[in-house]
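Since the structure is predicted, the reported quantities are computational estimates derived from the model, not experimental observations. Letters A, B, ... mirror the listed sequences (proteins, then strands); counts begin at 1. Just so you know, these numbers use all the heavy atoms, side chains as well, and skip hydrogens, waters and symmetry mates.
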There are 2 protein chains.
Amino acid sequence: MAKAAADRAATETKKTATETKLLLAARRLFCRVGIHATGISRILEEAGVARRSLYMHYGSKENLLKAVFDTEASMWFQWFDLDLASREDSARERILALFDLLKDWFEREDFFGCVFINAVAEHEKENGWVKEVAIAHREKINARLGAMVEASGARDPDMVTEKLSLVIDGAIVTAMVTGSSGAAHVGRLAAEDILRSG
Amino acid sequence: MAKAAADRAATETKKTATETKLLLAARRLFCRVGIHATGISRILEEAGVARRSLYMHYGSKENLLKAVFDTEASMWFQWFDLDLASREDSARERILALFDLLKDWFEREDFFGCVFINAVAEHEKENGWVKEVAIAHREKINARLGAMVEASGARDPDMVTEKLSLVIDGAIVTAMVTGSSGAAHVGRLAAEDILRSG
DNA sequence: ATTATTGTAGACCAATCAGTCTACATCGAT
DNA sequence: ATCGATGTAGACTGATTGGTCTACAATAAT
């Protein structure tokens, strides 16, 4: 099996080995333990990198978090623009295939939720920059999702897109809380209901 | 209009005024700012309570969080066991009315997501007690939801319940991230699709 | 061979945190 | 009137945090 999109996103863009090690350790710890609960020293330990190197490359914990946001965003765009776009299925089947990608993601041993959602949960939600970044990410995802929905010939594509987006977020959060990948399958079936009705 | 369930949950059980002030301030700050990001001193300021009183009543920040969990759980049980149960509608209409309650919740100026979900997001997700508490809460909610679904005569009530639960979580998270209550309406429509198909 | 870059190792600092402690005020029940 | 419980006010502590700094090693390009 080809390398999973989550790994590709962190490794295949031009990054030094040190940066890659830092990003992988940071993403894992930020999601599994929490961002505030993860100390810099812990990231350095698990990445096997010196403290100075982290501050050379990223300057601050906040910038490291932003870099982690970028790698997770890359994962999603690879899903939409490579994995799903290369399929010759119908638009409807491509939409449903997204939930199979979610299932693979949930089953990774280092899946502990979505960095964006988790980060919003533990940061200021009134005029906070994290929330703004997450909203922007969300809109990019929904634009791609919306294009597929439109191609599927839905009567009210915007509403169907919002419904599917809701189900996707619900599946991610359910998988995070329960620690089970079953939410992906439930989400796929709910998406079928929505597409059937809409 | 009667007092909202969220307030009732925090005030109507036998609690001292000090405890109520602490719980309201803690819930608000834990959700809006994050649990780790909220210092004890900040809670004391906003509650207008002395440091000693907090440690007299709750002993630790962790115990205060547990108490906040309890008040949010009470809110849900009031929804299910009082607000929804007192309706004379059909089971289907009671299920959909849950999304109207969610809308009211999302529109409160102190809504910043679900304490359980937010707490899981920023705590250890491998053998962490917060995750266990959230799973237990989730199961209680789903049991009540499942009873309504069963009463609605769904063919596969368990699967319909899981789908609806997914949509509920999706709506909560979407409302938290976007800061808009529209997710409740989208969730209601998605729930209608699910009930129609299931 | 030398130099610049990128790395490691770890001491160090100021700030902040959860939690403890002392001293004093208020007030209802006896 | 007094006493015990519950409250406020705020100094204090030990641990931990993000971030800086010095000293040194390895590597690659000139």
Side-chain angles (χ1 to χ4, degrees), chain A residues 10-11 13-69 115 118-119 121-124 128-130 133, chain B residues 10-11 13-69 115 118-119 121-124 128-130 133:
Chain A
T11 57
T13 38
K14 52 177 192 320
K15 295 199 188 76
T16 69
T18 312
E19 284 170 332
T20 304
K21 282 191 284 182
L22 281 170
L23 285 176
L24 287 174
R27 184 175 68 91
R28 182 181 152 79
L29 285 169
F30 284 168
C31 284
R32 195 190 97 187
V33 181
I35 298 163
H36 285 105
T38 298
I40 295 286
S41 306
R42 178 94 183 266
I43 299 174
L44 300 174
E45 270 177 30
E46 304 218 356
V49 157
R51 183 168 277 253
R52 195 168 203 277
S53 300
L54 188 156
Y55 284 97
M56 275 295 187
H57 285 284
Y58 297 104
S60 70
K61 190 184 184 182
E62 189 170 303
N63 281 339
L64 179 59
L65 174 60
K66 286 178 185 168
V68 170
F69 282 156
V115 209
N118 291 8
E122 62 171 306
H123 283 87
E124 174 65 59
W129 68 271
V130 172
V133 168
Chain B
T11 56
T13 38
K14 54 177 188 320
K15 295 197 188 77
T16 68
T18 312
E19 283 169 333
T20 303
K21 283 191 283 182
L22 281 170
L23 284 176
L24 286 174
R27 184 174 68 91
R28 181 181 153 77
L29 285 169
F30 285 168
C31 284
R32 195 190 97 187
V33 182
I35 299 163
H36 285 105
T38 298
I40 294 286
S41 305
R42 179 91 183 268
I43 299 174
L44 300 173
E45 270 178 32
E46 305 217 355
V49 158
R51 198 173 194 77
R52 195 170 205 278
S53 300
L54 188 155
Y55 284 98
M56 276 294 188
H57 284 284
Y58 298 105
S60 70
K61 190 183 182 181
E62 189 171 302
N63 281 340
L64 179 59
L65 174 59
K66 286 178 185 168
V68 171
F69 282 155
V115 208
N118 291 7
E122 61 171 308
H123 283 86
E124 175 66 58
W129 68 271
V130 172
V133 168

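- Within the 3.5 Å criterion, the main-chain N or O of A:Ile35 finds a donor-acceptor partner in the side chain of A:Lys61.
- One can place CE of A:Met56 at 11 Å from P of D:dC21, the figure rounded to the nearest angstrom.
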Please report the C-alpha distance between A:Thr18 and A:His57 in whole Å, then the side-chain angles of each, then the deciding distance to 0.1 Å, and finally whether the side-chain contact (heavy atoms from CB on, under 4.5 Å) criterion is met. CA-CA 9 Å; A:Thr18 312; A:His57 285 284; 4.3 Å; yes
Could you run down nucleotides 20-30 of chain C 5' to 3' and tag each one B, S or - for protein heavy-atom contact under 4.0 Å? B-BB-------
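- Of all the residues in residues 28-49 of chain B, B:Gly48, B:Val49 reach under 4.0 Å from DNA chain D with at least one non-hydrogen atom.
- The CD-P distance, from B:Glu62 to C:dA18, rounds to 13 Å in whole Å.
- Of all heavy-atom pairs spanning A:Ser41 and A:Arg51, the tightest one is OG-NH2, 2.7 Å.
- For the pair B:Lys61 NZ and C:dC17 P, the interatomic distance rounds to 9 Å; values are reported in whole Å.
- With hydrogens and angles disregarded, no donor-acceptor distance shorter than 3.5 Å links the side chain of B:Glu46 to the backbone of B:Ile43.
- Closest approach of A:Ala67 to A:Tyr58, counting heavy atoms only: CB-CE2, 3.6 Å.
- Counting to the nearest Å, the P atom of D:dG18 and the OH atom of A:Tyr58 are 17 Å from each other.
- Side-chain N or O atoms of B:Glu122 include none that pairs as donor or acceptor with a backbone N or O of B:Gly34 at under 3.5 Å.
- For the pair B:Leu65 CG and C:dG19 P, the interatomic distance rounds to 12 Å; values are reported in whole Å.
- Nearest to the side-chain atoms of A:Ser60 among the listed nucleotides C:dG7, D:dG19, D:dT8 stands D:dG19.
- A 4.5 Å side-chain heavy-atom check between B:Phe30 and B:His36 finds every atom pair outside the cut-off.
- Judged by distance alone, with hydrogens and angles left aside, the side-chain atoms of A:Thr38 form no donor-acceptor pair with the main-chain N or O of A:Val33 at under 3.5 Å.
- The CG-P distance, from A:Leu54 to D:dC21, rounds to 16 Å in whole Å.
- Residue B:Thr18 places at least one side-chain N or O under 4.0 Å from the OP1 or OP2 atom of D:dG7.
- Annotation for B:Phe69 and B:Ala119: closest pair CZ-CB, 3.6 Å, computed over non-hydrogen atoms.
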